[in-house]
**Q** 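I'd like to ask you about the structure that follows.
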Amino acid sequence: MEPAEDYSFPPASFKPLLNEISGLLRSTSSTLAVAETTTGGLVSASLLSVSGASKFFVGGATVYTTKPRRAWAGWTDENVVNYRGPTPELVTELAANVREQMDVTYCIGEWGAAGPTVLGPPIIHVVGQTYIAVVSREGFATRVVNTGVAEREKNMVAFAKATLVLLRDVLAGDVKLEQ
């Protein structure tokens, strides 16, 4: 007899965080979009796992390659030619473009390198490192996360949680937005 599949999602450690985010967004009638790369949709899926997510979640984009970056993130030929790797500025621009297109209160962006391998020069990626931004009409907040791990799946989950933590910190007023 085969063991029963474990269909639990999101990870148990995410659930209190997701409930807090949901409550904060709903209490202010705020809306949210997600623009993610190396988390591969885990941030959006985690938010959608919350009952009543349709009250705040408008949509998400996984902008893993150049094509969706052009379509959803406002990238131009110049962006493609000059790309050297993720930065706080790039992830903020990504989130700002998607926030504007989706006409939401907040957009969270994530862009990094889950590993175990990365592109070589001139592209600079650090395995286990991601850049996160939360953008609203009032400003933005960024965070750099480095797990020190080269395991793809572990980094994807860690990056997703770190992205949700920054969103919660902004919504709770623990992190102030820059202009």
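Positions are given from 1 along the sequence.
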**Q** Applying side-chain contact (heavy atoms from CB on, under 4.5 Å) to Ile108 and Ile132, what does each step give before you reach the verdict?
**A** CA-CA 7 Å; Ile108 49 179; Ile132 304 164; 5.7 Å; no
**Q** Any link between Ile124 and Phe159 through a network of hydrophobic side chains (Ile, Leu, Val, Met, Phe, Trp, Tyr) touching at under 4.5 Å?
**A**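 Ile124 does not cluster with Phe159.
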**Q** Indicate if Val144 and Val126 have the same hydrophobic cluster label, given that clusters are the connected sets of ILVMFWY residues with side-chain heavy-atom separations under 4.5 angstrom.
**A**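 No, no single cluster joins them.
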**Q** With rounding to the nearest 0.5 Å, note down the distance linking CZ in Arg137 to CD in Glu100.
**A**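 If I round to the nearest 0.5 Å, the distance is 9.5 Å.
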**Q** For residues Ala113 and Thr38, report the shortest heavy-atom separation together with the two atoms involved.
**A**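 Answer, listing the atom of Ala113 first, then Thr38: N-CG2, 3.7 Å.
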**Q** Could you give me the CA-CA distance, side-chain angles and deciding distance for Trp75 and Asn97, then say whether side-chain contact (heavy atoms from CB on, under 4.5 Å) is met?
**A** CA-CA 9 Å; Trp75 267 38; Asn97 281 325; 5.7 Å; no
**Q** Return the minimal non-hydrogen interatomic distance between Arg99 and Cys107, and the atom names on each side.
**A**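 Reported closest heavy-atom pair: CB-CB, 3.5 Å.
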**Q** Taking all non-hydrogen atoms of both residues, which atom of Tyr131 and which atom of Pro86 are closest, and how far apart?
**A**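 Heavy atoms of Tyr131 and Pro86 come nearest at CE1-O, 3.3 Å.
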**Q** Roughly how far apart are Leu171 CG and Phe56 CZ, rounded to 0.5 Å?
**A**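 It is 10.0 Å, given to the nearest 0.5 Å.
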**Q** Using the side-chain contact (heavy atoms from CB on, under 4.5 Å) rule, take Leu90 and Leu94 through it: C-alpha gap first, then chi angles, then the decisive distance, then the call.
**A** CA-CA 6 Å; Leu90 274 178; Leu94 168 68; over 6 Å; no
**Q** Just to verify, which of Thr147, Asn146, Asn155 counts as forming a side-chain hydrogen bond (donor to acceptor under 3.5 Å, both in side chains) with Gln129?
**A**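 That would be Asn146.
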**Q** To the nearest 0.5 Å, how far apart are OG1 in Thr37 and CZ in Arg69?
**A**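 One finds 6.5 Å between OG1 of Thr37 and CZ of Arg69.
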**Q** Would you tell me whether Thr163 and Glu110 have side-chain atoms, one donor and one acceptor, within less than 3.5 Å of each other?
**A**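 No donor-acceptor contact under 3.5 Å links the two side chains.
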**Q** Spell out, yes or no, whether Leu24 and Leu167 are grouped together once hydrophobic residues are joined by side-chain heavy atoms under 4.5 Å, including indirect joins.
**A**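 Cluster IDs for Leu24 and Leu167 match.
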**Q** Scan Asp77, Thr65, Thr76 and name whichever one has a side-chain hydrogen bond (donor to acceptor under 3.5 Å, both in side chains) with Arg70.
**A**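 That would be Asp77.
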**Q** Determine whether more than 12 heavy atoms belonging to other residues, nucleotides or ligands lie under 6.0 Å from atom OH of Tyr83.
**A**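 Counting neighbours around OH of Tyr83, more than 12 heavy atoms of other residues, nucleotides or ligands fall under 6.0 Å, so yes.
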**Q** Is there a donor in the side chain of Thr105 and an acceptor in the side chain of Ser136, or the other way round, less than 3.5 Å apart?
**A**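 Short answer, no.
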**Q** Glu138: what forms a salt bridge (charged side-chain N to carboxylate O under 4.0 Å, His left out) with it, not counting sequence neighbours?
**A**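 Not a single residue meets the salt bridge (charged side-chain N to carboxylate O under 4.0 Å, His left out) criterion with Glu138.
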**Q** If we only count heavy atoms from C-beta on, is the Leu164 to Leu47 side-chain gap below 4.5 Å?
**A**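 In short, these two side chains touch, coming nearer than 4.5 Å.
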**Q** Taking only residues two or more places apart in sequence, or in another chain, which ones meet Asp174 in a salt bridge (charged side-chain N to carboxylate O under 4.0 Å, His left out)?
**A**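 Asp174: no salt bridge (charged side-chain N to carboxylate O under 4.0 Å, His left out) contacts found.
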**Q** Should Val104 and Val91 be counted in the same cluster of Ile, Leu, Val, Met, Phe, Trp and Tyr side chains packed under 4.5 Å apart?
**A**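 Val104 and Val91: one cluster.
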**Q** If you look at every heavy atom in Val127 and Ala114, which pair is closest and at what distance?
**A**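 Here Val127 and Ala114 meet closest at CG1-O, 4.1 Å.
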**Q** Are Val50 and Val165 connected in the hydrophobic side-chain network, where two residues link if heavy atoms are under 4.5 Å apart?
**A**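 Per the 4.5 Å side-chain linkage, Val50 and Val165 are co-clustered.
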**Q** Can you name the residues that form a salt bridge (charged side-chain N to carboxylate O under 4.0 Å, His left out) with Arg152, not counting sequence neighbours?
**A**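 Arg152 satisfies salt bridge (charged side-chain N to carboxylate O under 4.0 Å, His left out) with no other residue.
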**Q** Determine the minimum heavy-atom distance between Glu36 and Val43, stating which atoms define it.
**A**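 That would be OE1-N, 3.0 Å.
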**Q** Is it true that the side chains of Ser22 and Asn19 contain a donor and an acceptor less than 3.5 Å apart?
**A**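 Per modelled atom types, Ser22 and Asn19 side chains form no pair under 3.5 Å.
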**Q** With rounding to the nearest 0.5 Å, note down the distance linking CZ in Phe140 to CD in Glu89.
**A**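 That separation rounds to 8.0 Å.
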**Q** Calculate, to the nearest 0.5 Å, the distance between atoms CG and OH belonging to Leu177 and Tyr106 respectively.
**A**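 Going from the CG atom of Leu177 to the OH atom of Tyr106 covers 6.5 Å.
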**Q** Could you report the tightest heavy-atom contact between Ser44 and Gly60, atom names first, then the distance?
**A**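 Minimum heavy-atom separation between Ser44 and Gly60: OG-CA, 3.8 Å.
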**Q** Quick check on Lys55: does its NZ atom have over 12 non-hydrogen neighbours (other residues, nucleotides or ligands) under 6.0 Å away?
**A**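 No, not enclosed.
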**Q** Walk me through whether Phe57 and Leu25 qualify under side-chain contact (heavy atoms from CB on, under 4.5 Å).
**A** CA-CA 9 Å; Phe57 188 86; Leu25 287 167; over 6 Å; no
